[in-house]
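Note that the structure is predicted; figures quoted are calculated from it, not measured. All values below were derived from every heavy atom in this structure, side-chain atoms included, with hydrogens, water molecules and symmetry-related copies excluded.
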Amino acid sequence: MTRSYYDARPSKFEAVGNGSYIYRWDIQEEAAPQQIMAEGEDQPAAESSRTQYSCYEVIVWASVSINKITEAVIRSMWDANYEQKLINEYNAANLGVYGGSKSSDEAKAKIASYKDFLAARAALKAQIDADCAELNIE
């Protein structure tokens, strides 16, 4: 998923006006280099920095709920096939399919990949829960 960029700090939640809403998370302030070009020149005449904001965002359609937001965010980050692949590899590793045992390096890597995915998803869910509590979205 790619980040969206704004010149002003975007809100976490915004009504679009057509029955949809934008939910934004991981909003970060960044310094963006800016080159000032003189007319007819190939090289920049000066460089400066400006503040910009970046974030991830998804569109959620009414009626908005914490479950709809969570589903939209998780599916925008990881599709169901990727999640299913990790689950299958995790199960196969636990059954000793990779490297002949659960303790092989290949099996440990598959198990670690799924655990990393679960940790990332849990952190994202915690952020969504906190934002929804702040926004009074149930």
Salt bridge check: are E57 and R3 linked by an N-O gap of less than 4.0 Å? no

Return the minimal non-hydrogen interatomic distance between S101 and A107, and the atom names on each side. O-CB, 3.4 Å

d(S113 OG, K85 NZ) to nearest 0.5 Å is 7.5 Å

Do N88 and Y114 have side chains that get closer than 4.5 Å, going by heavy atoms? no

Can you tell if the side chain of K110 reaches within under 4.5 Å of the side chain of Y90, non-hydrogen atoms only? no

So how far is it from S11 OG to I27 CD1, rounded to the nearest 0.5 Å? 7.0 Å

Show the nearest heavy-atom pair for residues C55 and Y6, with the distance to one decimal. SG-CE1, 3.8 Å

On a heavy-atom basis, which atom in G99 and which in S104 lie closest, and how many Å separate them? CA-OG, 3.6 Å

side-chain hydrogen bond (donor to acceptor under 3.5 Å, both in side chains) between D26 and Q28, worked out: CA-CA 6 Å; D26 193 27; Q28 297 178 3; 3.0 Å; yes

How about W25 and L124: do any of their side-chain heavy atoms sit closer than 4.5 Å? yes

Is there side-chain contact between Y82 and L86, with at least one heavy-atom pair below 4.5 Å? yes

How long is the gap from CD1 on I137 to NZ on K12, to the nearest 0.5 Å? 10.5 Å

How about Q34: does its CD atom have over 12 heavy atoms from other parts shown lying under 6.0 Å from it? yes

Side-chain contact test, heavy atoms from C-beta onward, threshold under 4.5 Å: evaluate it for F13 versus D131 and give yes or no. no

Evaluate the side-chain proximity of L118 to R121: yes if any heavy-atom separation is below 4.5 Å, no if none is. yes

Which distance, rounded to the nearest 0.5 Å, do you find between the OH of Y23 and the CD of E14? 14.0 Å

Identify the two heavy atoms, one from S54 and one from E30, that lie closest to each other, and give their separation to 0.1 Å. OG-OE2, 2.6 Å

Just one of K102, E106, E89 clears the side-chain contact (heavy atoms from CB on, under 4.5 Å) bar with I111, so which one? K102

Closest approach of N18 and W61, non-hydrogen atoms and distance? O-CZ3, 3.4 Å

Over all heavy atoms of both residues, which pair between S20 and I59 is shortest? Give the atoms and the distance, please. CB-CG2, 3.6 Å

Can you tell me how far apart CG (D129) and CD1 (I66) are? Round to the nearest 0.5 Å. 4.0 Å

Please check this pair: side chain of S76 against backbone of V73, looking for a donor-acceptor N/O pair closer than 3.5 Å. yes

Between R75 and D79, does any side-chain N to carboxylate O distance fall below 4.0 Å? no

For the atom pair CD1 (I69) and CD1 (I74), what is the distance rounded to the nearest 0.5 Å? 12.0 Å

